[in-house]
Amino acid sequence: MSGTSPRAILVTGAGGQLGTELQRCAWPQGYEIVAIDHDTLDLRDAGAIAAMVASRPIAAVINGAAYTAVDKAESDVVTAWAVNAMAPAAFGEACAKAGIPLVQVSTDYVFAGDRQGAWEVNDPVAPLGVYGASKLGGELAVRTSGARHAIVRTAWVVSAHGHNFIKTMLRLAETRDTLSVVADQYGAPTSAADLANVLMRITLRLVEDEDAPTGTFHFSNAGAISWADFATEIFRQSALRGGPSTMVVPIPSSDYPTPAARPANSRLSHNAIHAAYGIAPRDWQVALSDILDELIGATK
Ligand SMILES: NC(=O)C1=CN([C@@H]2O[C@H](COP(=O)(O)OP(=O)(O)OC[C@H]3O[C@@H](n4cnc5c(N)ncnc54)[C@H](O)[C@@H]3O)[C@@H](O)[C@H]2O)C=CC1
């Protein structure tokens, strides 16, 4: 690409789990990642979003930022909707105007989680709380914006950075002999690094191929477990590395009340993303191992 300027991909949520991994991805030569966060652009400001997209040539937007404080959202409805619904609406409008694709990240929380099996992309949505409802608002805004788009729903995002279940478990294990963990909510963890790679692949296709598949897709790592199972495996693999470990006591969600209700079943089907993009996730245990390698070190 010598002599031509690189194609810029605007990434929001630069300091978050996903944004961090998107910056670590092996983007092909000729691409430049413009990763932004609060300090550059407050997503509550729709006008600033429009100005940002119009301010320079951009090849695509990946909107990975979100108001992710699920419990806090229950009492901070306006901010949750501003960041999770109005900002995607502004990106949708701006991307449609600029004629560039938009990749929007969404969540299993758009589903009620009230039946067995893995959720397909067209299954009925029925969010249980403000976070899920506001993310669904974002999906609808993007879908109707006129921008060429991919909406990628994910769940249980974990990585070596930021706030997530793995880091919380390891921290608590340092000081506790036992740990009570919810055993009646099911899903599959998603490595932020694996998700970032998938979003990179989709974004590159959308930029380079006008006929690339658009619409709604699901991505998580492969498997189906409860949070208690997840914690048990974290401690098993951590102990192998000489890291913190403790005993997991499985409890029902009713013993761990939270302001926001969570879906009991968060399993996401990979049928759509496999059919459209040939993407098949690796097992969650293998992804967990990579994260623990980074957090604790390789197996002793
Ligand atoms: N963390 C999880 O378990 C799940 C996350 N998701 C979705 O995946 C995506 C990525 O999540 P994570 O990386 O885990 O989130 P995170 O909480 O680690 O990062 C969120 C990012 O959004 C930015 N942000 C929030 N409000 C902003 C504002 N007003 N202006 C500018 N930036 C703002 C934060 O500064 C941060 O960089 C999000 O869209 C989230 O809704 C979906 C399902 C589960």
Side-chain angles (χ1 to χ4, degrees), residues 10-25 34-49 52 61-73 76 78-91 102-111 113 119 125 127-139 141-142 150-169 185 187-196 198-199 216-221 227 230 258 260 262-263 266-268 284 287 291:
L10 185 69
V11 170
T12 64
Q17 297 193 78
L18 174 61
T20 301
E21 295 296 345
L22 277 165
Q23 293 169 82
R24 296 167 100 194
C25 282
V34 180
I36 58 170
D37 216 311
H38 280 284
D39 45 349
T40 318
L41 176 68
D42 186 342
L43 292 176
R44 292 171 298 180
D45 184 347
I49 291 173
M52 168 70 80
V61 173
I62 304 177
N63 185 31
Y67 186 110
T68 52
V70 172
D71 289 320
K72 207 169 148 217
D76 195 4
V78 171
T79 314
W81 275 82
V83 177
N84 294 345
M86 294 311 291
F91 276 120
L102 170 59
V103 176
Q104 169 69 20
V105 183
S106 194
T107 171
D108 55 307
Y109 278 45
V110 300
F111 295 115
W119 296 94
V125 288
L128 299 175
V130 172
Y131 170 73
S134 62
K135 291 290 288 184
L136 178 58
E139 287 191 7
V142 169
I151 294 167
V152 181
R153 294 184 186 132
T154 188
W156 295 22
V157 177
V158 286
S159 69
H161 341 271
H163 301 286
N164 63 65
F165 186 75
I166 298 176
K167 290 181 69 182
T168 304
M169 290 298 108
Q185 288 172 20
T190 306
S191 148
D194 290 12
L195 175 63
V198 161
L199 297 182
T216 305
F217 307 100
H218 289 167
F219 182 79
S220 67
N221 284 114
W227 288 111
F230 190 16
T258 51
R262 267 85 172 149
S266 284
R267 286 180 57 205
L268 297 174
W284 66 271
I291 294 169

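Every heavy atom of this structure was used, including side-chain atoms; hydrogens, water molecules and symmetry mates were not. Order of listing sets the numbers, starting from 1, for every ligand and every atom in it.
When each of W119, F111, Y109 is tested with R153 by the rule side chain to side chain contact (heavy atoms under 4.5 Å, CB included), just one qualifies, namely F111. Shown are V110, T216, V105; of these, the side chain to side chain contact (heavy atoms under 4.5 Å, CB included) with I151 is made only by T216.
Within 4.0 Å of ligand 1, contacts by protein heavy atoms are made from G13, G15, G16, Q17, L18, D37, H38, L41, D42, L43, G64, A65, A66, T68, V83, V105, S106, T107, D108, Y131, K135, T154, A155, W156, V157.
Here W156 and W227 bring their ring centres to under 6.0 angstrom of each other. Between Y67 and W81, the ring center distance fails the sub-6.0 Å criterion.
R262 and D71 are joined by a salt bridge, as a carboxylate oxygen and a charged side-chain nitrogen come within less than 4.0 angstrom of each other.
In terms of heavy atoms, G162 sits closest to K167 at O-NZ, 3.1 Å.
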